[in-house]
Amino acid sequence: MDAFFEHHQDSIRFRYRCFDRILLNGLIQPFQQPERVVGFFGTYRQQYPVSRNLLRGIAEQFQSWVKNRSLKWHAPIVEAPAGRRDEFVAPYFRRANPDQVVVILKAREPARIMIAIGKEQDNRWHLQITQRWVVQYNFYVNDRRWGRMFVRMCPYFPFSARVCLNQHHWLANRLREERIPFQQCSNAFLKCADPKRLQQLADSLTSRDLLICAQKWLAAFTPFFTDKERREAGCQHRLFFAQVEYCDNLIFRRRAALDRLGERLLDANRTIGQPDKITTIFGRKVTKLYRGKLQTVIEDIRLPNPVIRSHYRNGFIKQYVRDHLIVRTEPATNNVADYGVKKAIEHLPELRDRLSAIIDRYLDVQQDILETFVDRGQLRQLAQPTILPNGKRIPGLKLDHPRQLALMHALVRFAHIAAGNTFTTKELHPYTIDALGSTPADYSLAALRYDLYKLRAKGLVRKLPRSRSYQLSPQGYSLCLVFLKLFERIYAPLAAGLLQPIVADSKLQQRKRTQLDRLYQRVVDDLDQLLDAVGLKLAA
């Protein structure tokens, strides 16, 4: 349990961690070498040489196949939108059947393709792998186990591909299989009847789960190869991590508590991008040879959910509030090698451990920055009335109430320590009158009992069983001191200096003023600057 979660656990309903977006590169390794491409066509297709027309014909054949399949699948071919594709394709997934292709987006995107360099009349060709912008097809699928996903296929040989999976959809299907009630909001779980089982399922994901799903659809979308060629020539895509996002989700009970925490995080995290903190978070050294970003920025500051993003090499970790109840901390990378993990999907467990450790360190640094003293509504609760089980209503505590402050003065006197920090109302009465500057006629013993009753209702004072004595709790003692110091040492002097200043003091040189007066004046000056900075002008 990290310090951040432990500190806020009373406000958190549950938490879970899982992979979010997993983007895999798929390539057929034998065909990354031109000589093996020539060997394949000569051995299995009896075609030599591998010419430009041959490669162009393969792409045209694939494009014709896609058009025919789209009619059979009732999956339209649509130009990819300029905005977010997930939102664009969402309507196509409504009422989709398992293992159904729902829509195909066509877009011009970069891909590694095989080209033939040479002249038609010589019929001699040199093959080369190169990066080109070509039209590619994004097959959006409702997979039986993974739910929503897509596979991007390049129609040009050797059919480079990308597979995009999301563990949230995978987890939703596993929860349905086990009949565990849950509520999913967009790309997160807001409620779950068994959070412990949810985390167990999230941790059970293996590289085999990725492999089975990806290979099933990659084989379906590369009809160029026969079963014999797949078996003997190794015409299968091998999968590598291209982009990975792993998220920690803290689901809060109340939106108000999260809103206050979110504001505090934005205010306090402007220093988290310092190199010493970044290297602590990512667990990697920064040397003179380091190349890449090393900073923290707050993005989308004008939107409802600003994002705190800390960069390191090809990756980053971001933290933001989503769906009004969730704090999501999410490391992501476009190159897992930055964290000392190999790119093949067989290294999924190691990658999970590395990303989870990054989250732990990030939250530890967050808690160090955030400090302990964050308003969580306790002061407001002290001021609110207390309703007893029998329905009786007892007024709350008021910070500036003279009788309450006088009672607190009497409670924190050292005279009670010798008696085991216990006292009776009769013993307390004279000290309270003295602090109040009143008389027994103006402040009776019954009034004292009434004021003491309010402190008892808040748990600051307790009555000893079978006795007329009371005892001030350690927490009550500390809170009384806080109330007294705030009012008498801060609020009261500042109010006097602002409302009825001593004119002669303004003529004194700064060095001749007492240190306390100089500090008070500094507070007043800083308040004036703050009001001016936020655009609040004092009336003339």
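Note that these values count all heavy atoms, side chains included, but never hydrogens, waters or copies made by symmetry.
Checking side-chain atoms of D209 against main-chain N and O of T206 turns up a donor-acceptor pair under 3.5 Å. Put simply, the side chain of Q63 never gets that close to the backbone of P155: no donor and acceptor are under 3.5 Å apart.
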One pair to check against side chain to side chain contact (heavy atoms under 4.5 Å, CB included): Q47 and L54. What are the steps and the verdict? CA-CA 9 Å; Q47 292 176 318; L54 175 60; 3.7 Å; yes
Take Q100 and N142 through the test side-chain hydrogen bond (donor to acceptor under 3.5 Å, both in side chains) and record every step on the way to the result. CA-CA 5 Å; Q100 178 185 350; N142 183 36; over 6 Å; no
I would like to know whether Y48 and V38 meet side chain to side chain contact (heavy atoms under 4.5 Å, CB included); could you show each step before the answer? CA-CA 7 Å; Y48 182 85; V38 174; 3.8 Å; yes
If you apply the rule side chain to side chain contact (heavy atoms under 4.5 Å, CB included), what do you find for N138 with R85, and how did you get there? CA-CA 10 Å; N138 298 269; R85 296 183 182 181; 3.5 Å; yes
Salt bridge (Lys or Arg N to Asp or Glu O under 4.0 Å) between R15 and D248, worked out: CA-CA 7 Å; R15 86 182 300 180; D248 175 88; 2.7 Å; yes
Go through the steps for N166 and R21 under the test side-chain hydrogen bond (donor to acceptor under 3.5 Å, both in side chains), then give the verdict. CA-CA 5 Å; N166 191 308; R21 178 185 171 94; over 6 Å; no
Output, in order, the C-alpha distance, side-chain angles, deciding distance and verdict of ring pair (Phe, Tyr, Trp, His ring centres under 6.0 Å) for F139 and F150. CA-CA 5 Å; F139 298 86; F150 78 82; over 10 Å; no
Hey, mind stepping through D360 and R17 against salt bridge (Lys or Arg N to Asp or Glu O under 4.0 Å) and telling me if it holds? CA-CA 11 Å; D360 289 338; R17 290 182 182 181; 2.6 Å; yes
Passes side chain to side chain contact (heavy atoms under 4.5 Å, CB included), L211 versus I345? Steps please. CA-CA 8 Å; L211 184 66; I345 63 170; 4.1 Å; yes
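Proximity of R197 to I180: side-chain heavy atoms (C-beta onward) are separated by under 4.5 Å at one or more points. Using a 4.5 Å cut-off on side-chain heavy atoms (C-beta onward), I358 and Y339 make contact. Counting heavy atoms from C-beta on, the side chains of L175 and L201 come closer than 4.5 Å. Residues F252 and F14 have side chains not in contact (no heavy-atom distance under 4.5 Å, counting atoms from C-beta outward). Counting heavy atoms from C-beta outward, Q243 and R162 have side chains that stay 4.5 Å or more apart. Using a 4.5 Å heavy-atom cutoff, the side chains of V134 and Q136 are in contact. By the 4.5 Å heavy-atom criterion applied to side chains, R13 and L250 are not counted as neighbours. Counting heavy atoms from C-beta on, the side chains of L351 and H347 never come closer than 4.5 Å.
What you find for R112 and P158 is that their closest heavy atoms are O-CD, 4.2 Å. Taking both residues in full, the closest heavy atoms of C247 and D20 are given as SG-CB, 4.2 Å, listed atom of the first, atom of the second, then distance. The two residues R238 and A344 make their nearest non-hydrogen contact at NH2-CB, 3.8 Å. Taking every heavy atom of both residues into account, Q167 and A202 meet most closely at NE2-O, 2.9 Å. Across every non-hydrogen atom of L127 and A116, the tightest pair is CD2-CB, 3.8 Å. Minimum interatomic distance between L239 and L218 (heavy atoms only, all atoms of both residues): CD2-CD1, 3.8 Å.
Distance check, rounded to the nearest 0.5 Å: CD of Q184 to CG of D323 gives 10.5 Å. Going from atom SG of C235 over to atom CD of Q29 covers 13.0 Å, rounded to the nearest 0.5 Å. Taken from SG in C185 to CD1 in I251, the straight-line distance is 11.5 Å, to the nearest 0.5 Å. Remark: S51 OG to E120 CD distance equals 6.5 Å, nearest 0.5 Å. Annotation: the span from C154 atom SG to L27 atom CG amounts to 12.0 Å, rounded to 0.5 Å. Rounding to the nearest 0.5 Å gives a distance of 9.5 Å between CG of L348 and CG of D353.
The existence of a salt bridge linking R352 and E245 is excluded, since no basic side-chain nitrogen approaches an acidic carboxylate oxygen closer than 4.0 Å. Using a 4.0 Å cut-off between charged side-chain N and carboxylate O, E178 and R174 make no salt bridge. Salt-bridge formation is detected for the pair K216/D143: a Lys NZ or Arg NE/NH1/NH2 atom is positioned less than 4.0 Å from an Asp or Glu carboxylate oxygen.
Identified under the salt bridge (charged side-chain N to carboxylate O under 4.0 Å, His left out) test for residues 39-67, with sequence neighbours left out: R45-E229. Among pairs with a residue in residues 91-133, none fulfils ring pair (Phe, Tyr, Trp, His ring centres under 6.0 Å), at least two apart in sequence or across chains.
The number of heavy atoms from other shown groups lying within 6.0 Å of CZ (R124) does not exceed 12. Taking a 6.0 Å sphere around CD of E346, one finds it holds more than 12 heavy atoms contributed by other residues, nucleotides or ligands.
Side-chain atoms of Q199 and D203 form a donor-acceptor pair, as typed in the model, at a separation below 3.5 Å.
Ring planes of H168 and F189: tilted class, angle from 30 to 60°.
The aromatic ring centroids of F157 and F41 lie less than 6.0 Å from each other. Ring pair F159/F224: centre-to-centre distance below 6.0 Å.
Both the sub-6.0 Å distance and the 45° axial angle are not jointly satisfied by R144 relative to the ring of W146.
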